[in-house]
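Notes for the one structure printed next.
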Amino acid sequence: MTTEASPTRIDPADKSMDAIVALCKRRGFIYPASEIYGGINGFWDYGPLGVELKNNLRDRWWRDLVKRPPVGPDGREVDIVGIDSAIIQNPSVWVASGHVGGFSDPMQTCRQCKKLFRADHIAEMLCDSAWVTALSEVIGIGHTGEAEVDTGALQKWAQRKAKKLAPGLIVVRDKESASLAALEQGAHTLAQVLQVVAGVAAPCPNCGGDLTEAREFNLMFESHAGAVQDDANKVYLRPETAQGIFTNFKNVLDTMRVRMPFGIAQIGKSFRNEVTPRNFIFRSREFEQMEMEWFCHPDDARKWYDFWVADRQEWWESLGVDKANLLRRDHDDDELAHYSTACADVEYLWPFTAPDFGELEGISHRGCFDLSRHQEHSKQKLEYFDQERNERYIPHVIEPAAGLTRGVLLLICEAFTPDETRASKVYLRFNPSLAPIQAAVFPLVNKDGMPEVAEKLYRDLRSDWTVQCDVKQSIGKRYARMDEAGTPFCFTIDSDTLNDQTVTVRYRDTQHQERIGIDTVRDFMAGHVGL
RNA sequence: GCGGGUGUAGCUCAAUGGUAGAGCCCCAGCCUUCCAAGCUGGUGGUGAGGGUUCGAUUCCCUCUACCCGCUCCA
């Protein structure tokens with residue numbers, strides 16, 4: 001049997017993103033959005049093959065969580081229901097969630113060295129800054145306290161070592177306009193010295209230059225509901241699907257006879273006005289998420305957190321992703337959001353991050369933060385009465401949140417396999433059950449009754465799988481095209497078929513061929529692709 | 001947002017201040033009995049706008065998209 005090829009592993013760093021982007025467009029996976037108008041930064045369109053791939057991944061996630069959920073740590077299948085909430089919600093949702101106001105990060109740029117900083121990080125970065133440390137040694141003042149300043153030594157430092165260390169300082173750039181005289185009398189703090197040598201109170205941690213004003217940057221897209229476009233009817237496009245789950249927690253509880261612990265899953269578009277969309281569809285402004293909120297008793301939250309972190313990584317492995325390309329990374333304590341007690345990422349070895357890994361899915365222990373906030377803002381009771389425990393509580397939440405569109409990129413990157421020996425020079429090694437085209441049917445030549453047989457087989461398979469039939473051009477060209485599209489199996493009808501009712505099946509990964517009965521093709525597909 | 005790089009056909013690459021070419025791909029027809037074969041024909045392009053010029057793909061300006069870095073995140 002030659003279904004499973006085991007090619008030597010290709011280092012993701014050797015996979016060219018340019019080549020992947022070009023293939024995606026050439027074969028109808030992903031196009032730049034509104035390309036005929038010059039495109040638009042941060043948006044991408046999914047072509048005929050791209051949408052099949054995306055739908056297959058989406059359906060697999062839904063199947064494996066909602067329809068055929070995993071077995072939990074207590075040995076029983078977990079209970080998860082789905083919802084599909086509106087992209088636009090009452091704006092109060094985003095006030096409660098903290099996205100209005102809190103989700104934007106004011107940024108400042110240094111006018112001298114052009115580096116970009118988060119405004120709320122500047123003070124801390126100044127403390128750690130190499131040039132500030134050097135300065136404090138020269139003048140003998142620590143980060144706290146005060147002392148008299150030897151302006152002569154300071155002057156000497158400014159004109160020598162600081163030229164390399166902090167070229168942005170005003171005393172370095174323009175010693176005339178920086179008056180060290182102000183430091184000659186009495187004792188001074190480090191902050192006062194910084195003000196004089198930099199000309200500003202909070203200089204650039206990197207070079208000592210002056211920073212621009214903090215620019216507010218709201219990550220949420222805004223629109224208006226209704227005829228009048230004023231602030232009174234301002235609405236937001238959701239930046240995550242999760243909040244639609246929290247706002248429906250009570251509805252699901254009241255209508256679905258669910259009991260703790262249980263989950264609510266949702267797949268859908270989210271929108272973030274990213275400062276810098278990058279790396280093809282990896283970070284785009286419109287993207288699709290697959291999120292599940294797992295509600296449980298506070299005492300059980302840690303157990304479930306551990307369960308879901310392991311389960312989610314295993315799920316990606318179950319799609320055929322090379323284990324060597326997946327990594328679990330637990331967040332450090334100082335990395336955690338204030339409401340979160342634990343967070344882990346499933347990371348992938350992306351071609352553009354290699355040799356580093358980059359985030360694919362995050363599993364967050366959110367405690368009771370979200371439901372508490374919504375209870376507070378909405379004035380609605382979001383507690384759960386647990387009959388078994390005879391206890392009333394706000395459930396704790398474990399949130400596995402994956403990027404669907406990011407997952408599509410993973411599948412493409414993972415499948416991308418250069419092969420100089422092939423006509424196509426590259427093929428996509430998709431898991432057969434996820435491939436956008438699962439099989440192709442070819443008549444070897446377009447005559448002698450073969451096209452008719454091919455047509456019949458094609459129609460027969462089409463009801464259960466995504467199949468294409470192609471009668472044009474040489475057989476080699478058709479195989480090559482299917483290699484690039486990632487079609488795992490091609491069935492070819494030749495003159496023998498007419499006599500003995502067999503067809504050739506050609507395996508994408510090995511290019512090997514074998515003959516099987518035409519009446520066993522359905523079984524073959526069921527066995528190799530699934531139903 | 002700032003800095004650097006890039007932008008000629010679907011792809012790879014030419015060319016020129018004076019009618020933008022080739023190979024491959026793609027499409028049609030013929031041919032073809034298993035891996036982009038052959039023959040004939042065909043579609044299709046200077047990212048967008050403005051300026052200089054008799055004439056701009058070429059020179060200048062603006063915008064835009066993509067890639068890299070700072071930063072952020074599903």
Side-chain angles (χ1 to χ4, degrees), chain A residues 16-19 21-23 25-28 31-44 103-105 107-119 121 206 212-215 217 219 239-242 267 269-285 287-291 345-346 352 358-364 399-407 409-410 421-425 442-448 450 472-484 490 492-498 503-506 508 511-513 515:
Chain A
S16 153
M17 280 308 293
D18 284 349
V21 172
L23 174 62
K25 186 181 171 188
R26 184 165 72 245
R27 285 297 162 198
Y31 313 120
S34 38
E35 192 183 15
I36 60 171
Y37 289 103
I40 177 167
N41 189 327
F43 298 89
W44 299 88
F103 207 54
S104 63
D105 296 320
M107 307 295 285
Q108 292 180 276
T109 310
C110 175
R111 290 199 178 87
Q112 303 308 320
C113 70
K114 308 299 182 188
K115 276 198 180 303
L116 185 72
F117 302 96
R118 265 178 66 169
H121 286 176
N206 180 55
T212 58
E213 290 298 303
R215 282 186 304 271
F217 190 81
L219 225 46
E240 62 174 27
T241 56
I267 300 174
K269 292 255 176 149
S270 290
F271 304 82
R272 291 183 194 173
N273 195 8
E274 295 284 351
V275 189
T276 315
R278 274 299 152 81
N279 294 322
F280 199 28
I281 58 171
F282 180 77
R283 176 176 301 118
S284 49
R285 289 178 167 147
F287 61 105
E288 211 157 341
Q289 293 184 297
M290 308 184 290
E291 295 195 291
D345 288 340
V346 178
F352 45 83
E359 186 174 1
L360 168 67
E361 170 161 3
I363 298 94
S364 175
E399 176 193 85
L404 169 56
T405 38
R406 205 168 265 191
L409 182 58
L410 175 150
T421 68
R422 295 191 185 216
S424 59
K425 306 298 182 197
F442 302 145
L444 186 56
V445 292
N446 195 17
K447 61 176 187 185
D448 299 341
M450 296 180 210
K472 297 292 179 66
Q473 300 178 319
S474 73
I475 192 71
K477 274 191 186 182
R478 286 176 277 167
Y479 287 150
R481 270 198 291 262
M482 287 301 155
D483 276 349
E484 269 204 330
C490 296
T492 299
I493 282 76
D494 58 20
S495 54
D496 289 343
T497 306
L498 308 173
V503 298
T504 301
V505 52
R506 183 256 192 194
R508 171 197 65 201
Q511 299 175 276
H512 287 160
Q513 300 184 352
R515 292 198 78 86

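Numbers restart at 1 for each chain; the letters A, B, ... are given by sequence-line order, proteins then strands. Keep in mind that the numbers below use all heavy atoms, side chains included, and drop hydrogens, waters and symmetry copies.
- Rounded to whole Å, atom P of B/G38 lies 19 Å from atom NZ of A/K472.
- Base pairing analysis places B/U40 opposite B/A28; the two distances defining the Watson-Crick or G-U wobble pair are each below 3.5 Å.
- Scanning both residues, A/E291 and A/A242, for their nearest heavy atoms gives OE1-N, 2.7 Å.
- One can place CZ of A/R278 at 14 Å from P of B/C72, the figure rounded to the nearest angstrom.
- Across A/E240 and A/Q289, no two heavy atoms sit closer than the pair CA-OE1, 3.1 Å.
- Nearest heavy atoms, A/N273 versus A/R285: OD1-NE, 3.6 Å.
- Among the protein residues, A/I40 comes within range of the sugar-phosphate backbone only, with heavy atoms under 4.0 Å from sugar or phosphate atoms but none that close to a base.
- Using a 4.0 Å heavy-atom cutoff across all strands shown, A/Q511 reaches at least one base atom of the nucleic acid.
- Within 3.5 Å, no donor on the side chain of A/R272 pairs with an acceptor on the base of B/C73, nor the reverse.
- Using a 30° and 60° split on the angle between ring planes, A/W44 and A/F280 fall in the perpendicular class, above 60°.
- Contacts of A/N41 with the nucleic acid, taken as non-hydrogen atoms under 4.0 Å apart, involve only primed sugar atoms and P, OP1 or OP2.
- Between B/C13 and B/U52, the distance separating the two P atoms is 35 Å to the nearest Å.
- Nearest to the side chain of A/E274, among B/C70, B/C73, B/C27, sits B/C73.
- The interatomic distance linking A/M17 (CE) with B/C67 (P) rounds to 8 Å, in whole Å.
- B/C66 atom C1' lies 18 Å from atom OH of A/Y31, rounded to whole Å.
- Across all strands shown, A/F280 has heavy atoms under 4.0 Å from sugar-phosphate atoms exclusively, and none from any base.
- Nucleotides B/U62 and B/C26 are separated by 36 Å at their C1' atoms, to the nearest Å.
- If you check B/G7 for Watson-Crick or wobble pairing at under 3.5 angstrom, you find it paired to B/U64.
- Remark: B/G1 base-pairs with B/C70; criterion is Watson-Crick or G-U wobble with both hydrogen-bond distances under 3.5 Å.
- B/C66 and B/C60 have their P atoms separated by 25 Å, with the value rounded to a whole Å.
- Rounded to whole Å, the C1' atom of B/G45 lies 4 Å from the corresponding atom of B/A9.
- Checking B/U46 for Watson-Crick or G-U wobble geometry (two distances, each under 3.5 Å) identifies no partner in any strand.
- One atom, CG of A/D494, and another, P of B/C35, lie 12 Å apart when rounded to the nearest Å.
- The pairing partner recorded for B/G17 is none, the criterion being a Watson-Crick or G-U wobble arrangement whose two distances lie under 3.5 angstrom.
- Atom CZ of A/F442 and atom P of B/U33 are 18 Å apart (whole Å).
- On the P atoms, B/G47 is 9 Å away from B/G7, given to the nearest whole Å.
- A stacked arrangement is assigned to A/F287 and the six-membered base ring of B/A74, with a centre-to-centre distance below 5.5 Å and an interplanar angle below 30°.
- Taking atom CG on A/L444 and atom C1' on B/A37, their separation rounds to 13 Å, with Å as the unit.
- Across A/D483 and A/R508, no two heavy atoms sit closer than the pair OD1-CG, 3.7 Å.
- Heavy atoms of A/R508 sit nowhere under 4.0 angstrom from any nucleic acid atom.
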